[in-house]
Each structure stands twice: as C-alpha cells, then as structure tokens.
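Comments concern the structure below.
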Amino acid sequence: MYPSILSFPEGFLWGTATASHQVEGGNTNNDWYLWEQQPGRIRNGDRAGTACDWWNRAEEDFDRARELGQNTHRLSLEWSRLEPRPGEWDTSAFARYRQVLAGLRQRHLEPMVTLFHFTLPIWVAERGGWMNPETISLFSRYVEHVVRELGDLVTLWCTINEPVVYAYQGYLRGIWPPGRQSFPEAVRVLRHLLLAHGEAYRLIHALQGEAQVGLVKNMMYVEPWRPDSWLDRKWAGFMNRLYNELSLIAVTEGRFLPPLGRATVPKLIDSIDFLGVNYYTRALFGVDKRRWMNSLNPRLNTAGIISDYEYGEVFPEGLYRILKHVQRCGKPIYITENGLPDADDDLRPYFILTHLQQVWRAIQEGVPVRGYYHWSLLDNFEWSEGYRMRFGLIEVDFATQRRRVRRSGRLYAEICQTNAITPELVERYAPEAMEAVFGARLPSAVKEMG
Ligand code: FCB
C-alpha cells in the first residue's frame, strides 16, 4: 500500500538558503575577497565580484521566492560589513539589513539568519581568525550588536554554518582561507567554533527570550569505501564520528571528546533549540596507505547518480537515515540546505522529489522536521568552485543579472503551494522518480488493474 499523496505538516516552512558572500556582491572587506585575488585559488580565476547583486536588489529575488510559493528564506549577515573595523559599527550596513529583513517579512517570508557563514572581516582574520580564542569574544560582541539592532525582525537564528566543513576546507585540505594543512589546527578551529556557538546561544537567549537558536551541521551519510575491508569499516566509523558526531555531542551533552580534547563545557550543554541539517551526499571513506591524506577525502559511489563536476552522489535515502539518527537530539529539525549543482536542470526535479519523499517518510515516523530550505534560490558564487557550479532554482546570467526560473523552480513552487507531493506532479515533472516516490506501481498501472 502506497499513499496517493504525500502531505506535509501544517505550517511547514518551505524555502531556500543563501549566504552573504555568495550573493551580495561588493564584499571587499573579508578574508574571501583577499583569497580570491590570489592566483590559482578559485576555479577559472573567478571572483565573487558583484555576485547576484543582492546588496542592491535582494528584494527583486524575494519577490520571485514569494511568487514561487516559498514562505521562508535563510540568509547570512556579513560581519565585515557590520563591523568593518574593530568596535566600529556601520550604521548604513545595519540599515540595509533592516530593510532586507523587513522586506522578507513584508513578503511573508520568515527570515532565518545565519551569523557566521564562512567569511571573516579582514581585521579578524589578521588576528588569527578562528585559530585565536579571542575571536570567540569578538564574535560574541558582534552577535550582541546584531541581536540588539535586528532582533525585532528575527526569531530563527543559526549561529555557525558547518563548523566541520569550515575547519576541514580551511585548515586540513587548505583549499579555503587561510589555506592551512594541519590536523591539530583544524581541531583547534573546530573547538573554537563550537565554543563560539555556545556563547552565542546563551547571549541571544539573554537578549531575546523568544529566539530559536540552532547550529547548522553538514551531515554526510558515511559508509566504508570497500565494505569487505575491516580497515575501511573502522576508518569510516572514525570519520563518521569526526565528521558528524563530535559536534552534535558537543552541543547537546556539552562534552568534547577526542580528538577535540576531553572536557565538559557547561555552556554547551543543551545549547540548541533546533538542529539545522545540511545534507548533500553519501560519502565513502577508505584507507589509502600510499597517500595518507586521501583517506581524509570522501569518495563517491561511482555506480550512483552523480551531479555536475562529480560534486556528489544523489542519495536521497541518506537524508532519511540521517534524520532518523539525529532525532536523538530531541530537538526540532530544519533541513537548512539540500541541493546539487545541475546547470541544465535535468537531475534537480528528480533530486527534489526523492529527497522530499525521504523527509516525508522521516516525518511519518515521528522525526520533528519543521522546514526545508533548498540550496539555493538562485545560482551564486560557489566558494573555490567559483561560478561554474549552478545550484539555483533560478538561473542567473552573471553578465546581465538576468534571471530565469528553472523547471525545478516551478516544481518546487507547486510543492510549496500545496504543501504536498502528488503522483500527478511527479508524472509531470520527473516520471523517472515515480517508483522512488510512490512505489513500484505507476498510478496508471494501478488504474488499469481496476
Ligand atoms: C554548503 C555551504 C553553502 C554552499 C553549499 C553548496 O557546504 O554551506 O554555502 O556552498 O555547500
């Protein structure tokens, strides 16, 4: 027996996510700006540049989001704009963000605001960035200002976006600023990010009673590369712990476990009101004895469906398993990012339908998922990959700033508007997803059988 319609809970939040540096344009006062000026750092020598020009025209895209039936949007604030120099607050930047957040509200798009999404003011980076424990208090001071100035417009706060990804890319792989390759440094940075989360959590609640504060955690669905290898199984277990588990234990139980150290951190105990889950792919880990660093890099299941430039495997079931797993946090869950690079949009409809089916399945089994944010509303600056990876429901021509809604954008709109997925919708947008979404028998076949 298969349901004939997948309905989502009343009041479910449907939206998309973006981040300041990836969409705003004109951010020349952060560490990414400097990084982009260094030859060889960004694919094809791209620079964020004007990006989607949101500093000037975010509202036009909010109109589009609204027309596409969305009722929420997740964005981030750019610290380097708000505090361009230590202790100096830029009133015009605060005013612009007020406008932006009020603009969301006017369009009935509930704002979800991320306080740190990968970019640091140059002056903070120069003092050592997240390697320096002083950054924790600098971040708190910034958070305090933000909540005092903008808190009346925001209830959903995300402290830190993907602390492990940040530490991994910037301090282990070295492909993001500051380009370090050191395990101890990566661990230290992760520890500081988690401590900063704890401080921010307490602070926001002290200032704003009704705030809902979460951490955004990238979760990879981890499996051993060679399942019959004992070593790979052990190693995948270790990587899962390192990659997925340690931060969750830290923000729920308030415990740092090796290699984060061994300590109880009272400020971190029960320090999330919700968990933000970013899910993109399944990752296979195995030991490479010849090139040790390779063991730290996730591999893709090449037999699976792979998105543009081998970004990831399309593995919807992984989202379900992760949701079931994180249910133990005992907190509401938002899927704060989920998406894929797919310039010609031939996979995205399938991706959206099959992932949402897994979300629905988890909800049926009692997982308290409250909302879903697709990454992303529109194509944007994809960090070291520059502009070649296209994650948008809306296509952007960066030479002209012209927008074109992709088919998947219209599909997503129908889901947002009806709060449901029907076989008819699947048939129209991605019949190849019918089996995955509604089971083996096509509705037409069912009809024929009488
Ligand atoms: C996530 C980031 C986000 C975006 C997507 C594709 O790891 O949080 O900024 O780059 O990946």
Side-chain angles (χ1 to χ4, degrees), residues 3-18 23 52 58-75 101 103-113 155-156 274 276-279 316 319 323 332-340 342 345 347-364 367-380 391-396 403-430 433-434 436-438:
S4 56
I5 176 167
L6 313 186
S7 296
F8 287 79
E10 217 186 297
F12 197 76
L13 289 187
W14 290 107
T16 49
T18 55
V23 294
C52 308
E59 288 86 342
E60 294 170 26
D61 289 318
F62 297 166
D63 283 339
R64 295 184 177 96
R66 187 62 203 159
E67 277 157 29
L68 292 174
Q70 298 167 29
N71 58 18
T72 184
H73 184 73
R74 171 174 175 241
L75 50 67
L101 295 169
L104 286 173
R105 288 217 168 280
Q106 280 150 18
R107 291 167 181 81
H108 306 286
L109 294 159
E110 176 72 29
M112 178 184 269
V113 172
T155 11
L156 293 170
F274 66 85
V277 170
N278 290 359
Y279 174 75
L319 178 53
L323 291 173
I333 294 161
Y334 291 93
I335 292 151
T336 35
E337 291 178 28
N338 176 231
L340 79 170
D342 182 27
D345 206 43
L347 263 182
R348 196 175 283 103
Y350 175 88
F351 181 99
I352 290 176
L353 288 165
T354 53
H355 282 76
L356 287 176
Q357 187 264 338
Q358 298 290 345
V359 174
W360 177 86
R361 183 179 166 205
I363 294 173
Q364 298 316 295
V367 184
V369 184
R370 302 280 194 257
Y372 173 91
Y373 295 78
H374 193 78
W375 183 277
S376 178
L377 176 61
L378 71 177
D379 294 339
N380 57 52
F391 280 87
L393 296 174
I394 300 176
E395 181 187 313
V396 177
R403 276 48 169 165
R404 189 183 65 84
V405 179
R406 291 193 166 102
R407 252 181 100 242
S408 53
R410 289 195 291 273
L411 159 66
Y412 188 55
E414 293 199 36
I415 300 171
C416 300
Q417 279 150 357
T418 58
N419 205 26
I421 296 175
T422 60
E424 183 274 324
L425 185 79
V426 177
E427 190 79 59
R428 225 164 358 102
Y429 282 95
M434 190 64 87
V437 179
F438 284 106

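- Residues that satisfy the salt bridge (Lys or Arg N to Asp or Glu O under 4.0 Å) test with Glu60, not counting sequence neighbours, are Arg57.
- To the nearest 0.5 Å, atoms CG (Leu319) and CG (Asn338) are separated by 6.0 Å.
- Using cut-offs of 30° and 60° on the angle between ring planes, the pair Phe8 and Phe12 is tilted.
- Applying the side-chain hydrogen bond (donor to acceptor under 3.5 Å, both in side chains) rule to Ser7 yields no partners; only residues at least two apart in sequence or on another chain are considered.
- Residues forming a side-chain hydrogen bond (donor to acceptor under 3.5 Å, both in side chains) with His73 (at least two apart in sequence, or on another chain): Thr16, Thr18.
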Verdict with reasoning, Glu414 to Arg428, per side-chain contact (heavy atoms from CB on, under 4.5 Å): CA-CA 11 Å; Glu414 293 199 36; Arg428 225 164 358 102; 2.8 Å; yes
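- Within the 4.5 Å cutoff, the side chain of Leu75 has heavy atoms near those of the Leu104 side chain.
- Checked against side-chain contact (heavy atoms from CB on, under 4.5 Å), Asn71 has the following partners two or more places apart in sequence or in another chain: Leu13, Trp14, Arg66.
- Atom SG of Cys52 and atom CG of Asn380 lie 5.5 Å apart (nearest 0.5 Å).
- By the side-chain hydrogen bond (donor to acceptor under 3.5 Å, both in side chains) test, Arg410 is found to be paired with no residue, residues two or more places apart in sequence or in another chain being considered.
- Contacts classified as salt bridge (charged side-chain N to carboxylate O under 4.0 Å, His left out) and involving residues 347-359 (residues at least two apart or in different chains) are given here: Asp345-Arg348.
- With sequence neighbours excluded, the residues that form a side-chain contact (heavy atoms from CB on, under 4.5 Å) with Ala433 are Tyr350, Leu353, Thr354, Val426, Ala430, Val437.
- Side-chain contact between Tyr429 and Arg407: present, with at least one pair of heavy atoms (C-beta onward) separated by less than 4.5 Å.
- Contacts of Arg403 classified as salt bridge (Lys or Arg N to Asp or Glu O under 4.0 Å), with partners at least two apart in sequence or in another chain: Asp61.
- Between Tyr412 and His374, the angle of the ring planes lies from 30° to 60°, which puts this pair in the tilted group.
- In terms of the side-chain contact (heavy atoms from CB on, under 4.5 Å) criterion, residue partners of Thr422 (sequence neighbours excluded) are, by chain and number, Ile5, Glu424, Leu425.
- Remark: Gln358 pairs with Pro316, Glu317, Tyr320, Arg361 by the side-chain contact (heavy atoms from CB on, under 4.5 Å) rule, at least two apart or across chains.
- With Arg107 contributing its side chain and Gly103 its backbone, the two residues share a donor-acceptor pair below 3.5 Å.
- For Tyr373, the side-chain hydrogen bond (donor to acceptor under 3.5 Å, both in side chains) partners at least two apart in sequence or on another chain are Thr72.
- No side-chain heavy atom of Gln357 sits under 4.5 Å from any side-chain heavy atom of Ile352.
- Annotation for Pro111 and Leu101: closest pair CB-CD2, 4.0 Å, computed over non-hydrogen atoms.
- Proximity of Ile415 to Tyr372: side-chain heavy atoms (C-beta onward) are nowhere separated by under 4.5 Å.
- The closest side-chain heavy-atom distance from Arg370 to Pro368 is below 4.5 Å.
- Going from atom OG of Ser408 over to atom CD1 of Ile394 covers 9.5 Å, rounded to the nearest 0.5 Å.
- Between Val396 and Asp379, the shortest heavy-atom distance links the atoms N-OD2, 3.2 Å.
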Full working for side-chain contact (heavy atoms from CB on, under 4.5 Å) between Ile335 and Val359: CA-CA 9 Å; Ile335 292 151; Val359 174; 3.5 Å; yes
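- Between Tyr279 and Leu323, every side-chain heavy-atom pair lies at or beyond the 4.5 Å cut-off.
- Between the side chains of Glu110 and Thr155, a donor-acceptor pair is found at a separation under 3.5 Å.
- Within the 4.5 Å cutoff, the side chain of Leu109 has heavy atoms near those of the Phe62 side chain.
- The CD atom of Gln417 lies 10.0 Å from the CD atom of Glu67; values are rounded to the nearest 0.5 Å.
- Separating the CZ atom in Phe391 from the CG atom in Leu393 is a distance of 12.0 Å, to the nearest 0.5 Å.
- When side chains are defined from C-beta on, Val367 counts as touching Ile333, because their heavy atoms get closer than 4.5 Å.
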